[in-house]
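First up is the structure itself, then whatever we jot down about it.
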Amino acid sequence: MGMTMTQKILAAHAGIDEVVPGQLIEADIDLVLANDITGPVAIRELKKADLNKVFDKNKVALVMDHFVPNKDIKSAEQCVECRDFAREHGIVNFFDVGRMGIEHALLPEQGLVAAGDCIIGADSHTCTYGALGAFSTGVGSTDCAAGIATGKAWFRVPSAIKVELTGTKAPWISGKDVILHLIGEIGVDGALYESLEFCGPGVAELSMDDRFSIANMAIEAGAKNGIFPVDEKTMAYMEGRVPRAWKVFEADVDAEYERTVTIDLSTLRPTVSVPHLPENAKPVEELADVEVQQAVIGSCTNGRIEDMRIAADILRGRHVAPWVRAIVIPATQDVYLQCIREGLAEVFVEAGAVVSTPTCGPCLGGYMGILAAGERAISTTNRNFVGRMGHVDSEVYLSSPAVAAASAVTGHITDPATL
Amino acid sequence: MNAHGTVFKYGDNVDTDVIIPARYLNIADPDELATHAMEDIDATFVERVKPGDIVVASRNFGCGSSREHAPLVIKQNGVSCVIAASFARIFYRNAINIGLPILECAEAAEKIQDGDEVEIDFATGLIRDITRGEEYQALAFPEFINGIIEHGGLLNSLKARGV
């Protein structure tokens with residue numbers, strides 16, 4: 001029987017020729033990731049189990065990104081735990097304030113993840129690296145701890161949904177609109193336990209940043225992972241970043257899929273997911289009356305340079321509406337520096353937005369943009385659950401950077417084409 | 001092993017943000033963390049829940065974040081089992097890895113009501129609603145997963161294998 005990309009990568013890492021959906025396997029992992037929220041739990045579990053060891057100090061990444069620069073004493077203490085562990089074990093890829101970035105923007109940018117890899121991370125958005133043709137998936141701290149100690153993880157081989165992309169995307173349409181639309185089509189558990197295998201002529205239309213944004217939110221459809229074929233754009237992205245050999249896997253022509261979802265990029269509208277689930281996707285024009293008090297542009301979904309450029313294109317020469325707070329968060333130090341060099345940071349500040357150091361902060365209601373009861377944000381982040389960005393009676397509307405920036409200017413949800 | 005307790009019933013897509021809001025993820029002490037369990041979906045859960053009680057929900061329980069704090073705060077409050085029509089996959093792994101029993105059973109998830117008295121036999125996967133006098137059969141765990149549970153979690157099972 002033919003295998004999907006995901007199944008082939010898993011088989012190769014389990015050292016077997018063939019796997020079938022439902023099979024339980026143990027696979028070698030190429031990178032294990034944790035952050036300042038999930039890392040301390042993993043470290044404590046390792047110590048508690050008397051397994052305080054690291055399988056390969058080059059293949060563990062610890063990224064301080066959720067509550068840093070430390071938002072309070074407790075957050076500071078969690079970072080100390082990670083820092084001490086990194087020192088004790090000589091962890092090479094430990095990223096602290098000043099060198100860190102939001103983990104899923106940082107690791108691809110730094111060339112730490114590559115096509116054909118098998119990666120686990122104690123963060124649900126670890127599925128982002130599927131954009132590079134890797135298998136990557138989120139796990140909890142105990143799975144992560146086991147990975148840190150042994151370099152292995154167990155998986156149930158997923159069945160697959162094929163997502164066929166066709167057509168040419170219209171102006172202002174980005175990867176975010178593609179994934180919000182898809183989640184709207186299949187629902188927040190539409191791909192539960194399954195892989196989302198993106199393919200079709202429309203893939204070539206998408207930039208790497210679009211693909212990162214799409215793979216990032218595979219989890220929001222319940223998927224185990226989302227994965228893209230490797231093409232010239234993928235190669236060009238990895239050249240000069242990834243210092244080691246990578247492996248390109250292709251789905252067999254007779255690979256089996258549970259079903260196929262086709263998305264014609266040319267018909268997509270700027271899409272917004274309304275509270276309180278990412279599956280509540282609507283075309284932007286249906287929401288024009290919705291006022292917002294805050295706009296957040298950043299996160300592991302949309303904090304990359306292309307996102308910043310799109311937001312700046314809209315904010316250049318315009319001003320954030322009175323009574324709206326606009327918060328722009330470049331996802332990594334490199335993106336931040338690029339924003340400065342390209343003059344984007346100046347555009348944001350002149351438009352009346354704040355530009356923050358990289359942090360996950362507001363996305364999960366940590367800090368740097370918490371909402372009060374009754375407040376509403378348009379946000380390029382990935383979840384709009386109850387209380388996600390603050391008070392349990394606040395609301396988050398998910399969108400692309402273009403829609404978030406346009407809405408910041410008008411004070412209500414806005415199609416960028418109408419500005 | 002058996003479980004016996006009163007049911008706390010919830011709907012579809014109970015996400016990890018309502019199970020344990022991220023604003024508390026800077027808390028390291030499990031007991032302190034547990035005082036905020038289910039806070040954004042059921043503000044009185046922690047006051048009302050008793051050791052042995054059972055959480056029942058519909059589809060996609062535990063969706064969202066990978067935070068292991070979510071199954072942890074449920075377990076820490078003495079909940080003996082979570083029954084749902086389906087679980088988000090990371091929550092499913094996390095629950096098993098930390099030794100919180102969970103059962104998939106769509107029929108039980110639909111028919112059991114809030115406040116029912118329920119008994120579970122983990123060896124057979126049989127769920128008995130004492131209040132309604134009905135029985136439901138949950139899916140049994142694969143042997144591999146049973147091994148993890150029997151050793152009291154993933155790390156202990158790895159150690160038992162000599163890792």
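All values derive from a computational prediction rather than experimental measurement. Just so it is clear: chains get the letters A, B, ... in the order the sequence lines come, proteins before strands, and each one is counted from 1.
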Is [X] in contact with chain B via its backbone, its side chain, both, or neither, using a 4.5 Å heavy-atom distance?
{"X": "I73(A)", "answer": "neither"}
{"X": "L24(A)", "answer": "side chain"}
{"X": "K152(A)", "answer": "neither"}
{"X": "Q78(A)", "answer": "side chain"}
{"X": "K71(A)", "answer": "side chain"}
{"X": "I37(A)", "answer": "both"}
{"X": "F155(A)", "answer": "both"}

task: Please state whether the side chain, the backbone, both or neither of F91(B) comes within less than 4.5 Å of a heavy atom of chain A.
output: neither
Mind checking the [atom1]-[atom2] spacing from [X] to [Y]? Nearest 0.5 Å is all I need.
{"X": "D40(B)", "Y": "F385(A)", "atom1": "CG", "atom2": "CZ", "answer": "12.5 Å"}
{"X": "R89(B)", "Y": "E194(A)", "atom1": "CZ", "atom2": "CD", "answer": "12.5 Å"}
{"X": "S141(A)", "Y": "I98(B)", "atom1": "OG", "atom2": "CD1", "answer": "10.5 Å"}

Would you mind telling me which of [options] has the largest number of heavy-atom pairs within less than 4.5 Å of chain B?
{"options": "T150(A), V139(A), N382(A)", "result": "V139(A)"}
{"options": "D36(A), L277(A), L46(A)", "result": "L277(A)"}
{"options": "I370(A), T126(A), T38(A), D72(A)", "result": "D72(A)"}

Considering all heavy atoms of both residues, which atom of [X] and which atom of [Y] are nearest to each other, and what is their separation?
{"X": "A146(A)", "Y": "L154(B)", "answer": "CB-CD2, 3.6 Å"}
{"X": "G140(A)", "Y": "I90(B)", "answer": "N-CG2, 3.9 Å"}
{"X": "V386(A)", "Y": "D17(B)", "answer": "O-CB, 4.5 Å"}

- request: Give a yes or no on whether the backbone of A49(A) and the side-chain of K159(B) come within a donor-acceptor separation of less than 3.5 Å.
  value: yes
- prompt: Are the side chain of Y193(A) and the backbone of A88(B) linked by a donor-acceptor contact shorter than 3.5 Å?
  reply: no
- prompt: Would you say K47(A) has more than 12 foreign heavy atoms packed within less than 6.0 Å of its NZ?
  reply: yes
query: Only one of D143(A), T137(A), T142(A) forms a side chain to side chain donor-acceptor pair (under 3.5 Å) with R93(B), so which one is it?
result: D143(A)
query: Taking non-hydrogen atoms and a cut-off under 4.5 angstrom, which of residues 56-77 of chain B neighbour chain A?
result: R59(B), N60(B), C63(B), G64(B), S65(B), S66(B), R67(B), E68(B), H69(B)
- request: Enumerate by number any residue of residues 24-33 of chain B whose heavy atoms lie under 4.5 Å from heavy atoms of chain A; in the absence of such residues, state 'none'.
  value: L25(B), N26(B), I27(B), A28(B), E32(B)
query: Going by heavy atoms in the side chains, are W154(A) and I145(B) under 4.5 Å from each other?
result: yes
- prompt: Who wins among D15(B), N156(B), N94(B) for the most heavy-atom pairs under 4.5 Å with chain A?
  reply: D15(B)
message: I'd like to know if the side chain of D189(A) pairs up with that of N13(B) as donor and acceptor (distance under 3.5 Å, no hydrogens or angles considered).
response: no
